[in-house]
Amino acid sequence: MASRVALFDVDGVVLRGKGLNHFARYLVARGEAKPALAMRGAWYALGHRLGWLDGGAVLRRVARAYLAGRRAAELARQGEEWFVERGTTAIYQEAAELVSDHRRAGTPVVLLSGGMDFLVAPIARALGADRWAAVEPEVQDGILTGRLREPLCIDDGKVHWASSVVRELGVRLEECTFYTDDVGDLALLELVGEPVAVNPDPRLRREAGRRGWRVLDFAAPGERGIGGGSASVGNEGR
């Protein structure tokens with residue numbers, strides 16, 4: 001049966017590496033953060049990729065240390081500027097083409113990201129995603145509190161967000177395709193009709209081989225990207 005909804009993880013699948021790591025390097029290059037921030041971001045990304053660090057713990061730590069007290073509007077603006085200046089060239093060409101193929105076939109595309117929402121939003125618009133969910137910093141009176149909205153859209157929490165979105169679209173998870181690189185998404189991979197491992201981490205690659213799941217490996221984009229394309233579709237019904 002053809003997939004009725006295509007679910008995409010973002011970091012490592014649509015985007016080369018971790019969005020937060022890209023963003024940290026961008027802020028350092030602009031003189032808006034110290035180099036230690038980029039070094040720590042790279043360490044977090046590697047640790048999560050290889051299973052040394054718990055993704056949820058890392059995100060909560062980042063929120064407390066670096067987001068608390070920031071203005072939400074300023075962060076959203078910086079996220080948009082990062083995407084225009086750096087983010088487009090970090091998108092895998094194969095991922096952009098895969099999203100386009102689903103959209104041409106009339107299949108809704110949903111991004112489910114463990115990245116921060118201010119970085120995922122411009123990616124979702126550029127790709128023309130019908131829905132998206134990401135990690136949301138808590139905001140009070142326009143200021144970030146340093147806390148995150150629970151459950152986080154990672155690991156088992158991603159099942160919660162996926163179930164909510166596909167229910168809004170009138171389908172069941174077993175009618176969906178899910179593309180991810182992270183063994184932490186195993187719970188959702190086991191629920192969808194078509195699990196696909198993309199640029200999988202070592203543990204997911206072994207699991208995909210054992211279960212006979214499809215595996216895709218994308219080339220590093222280098223200076224390739226999807227250009228400045230944009231779409232007006234937002235995150236309705238998130």
Is any side-chain heavy atom of [Y] closer than 4.5 Å to one of [X]?
X: Arg30; Y: Glu85; value: yes
X: Val110; Y: Leu169; value: yes
X: Glu175; Y: Val166; value: no

Side chains of Glu138 and Thr145: any donor to acceptor distance under 3.5 Å? yes

Do any N or O atoms from the side chain of Asp185 and from the backbone of Thr180 form a donor-acceptor pair under 3.5 angstrom? no

Can you tell me if Asp201 uses its side chain to pair, donor with acceptor, with the backbone of Arg203 under 3.5 Å? yes

One pair to check against side chain to side chain contact (heavy atoms under 4.5 Å, CB included): Glu207 and Leu189. What are the steps and the verdict? CA-CA 11 Å; Glu207 193 67 22; Leu189 285 165; over 6 Å; no

Can you list everything that forms a side chain to side chain contact (heavy atoms under 4.5 Å, CB included) with Glu74? Sequence neighbours excluded, please. Arg70, Arg71, Arg77, Gln78

Take Phe83 and His22, measure what ring pair (Phe, Tyr, Trp, His ring centres under 6.0 Å) needs, and give me the verdict at the end. CA-CA 10 Å; Phe83 183 70; His22 284 287; over 10 Å; no

SB check [X] [Y] (cutoff 4.0 Å):
X: Arg211; Y: Glu190; value: yes
X: Asp9; Y: Lys158; value: yes
X: Glu136; Y: Arg147; value: no
X: Glu174; Y: Arg4; value: no

Are the ring centres of Phe23 and Phe118 closer than 6.0 Å? yes

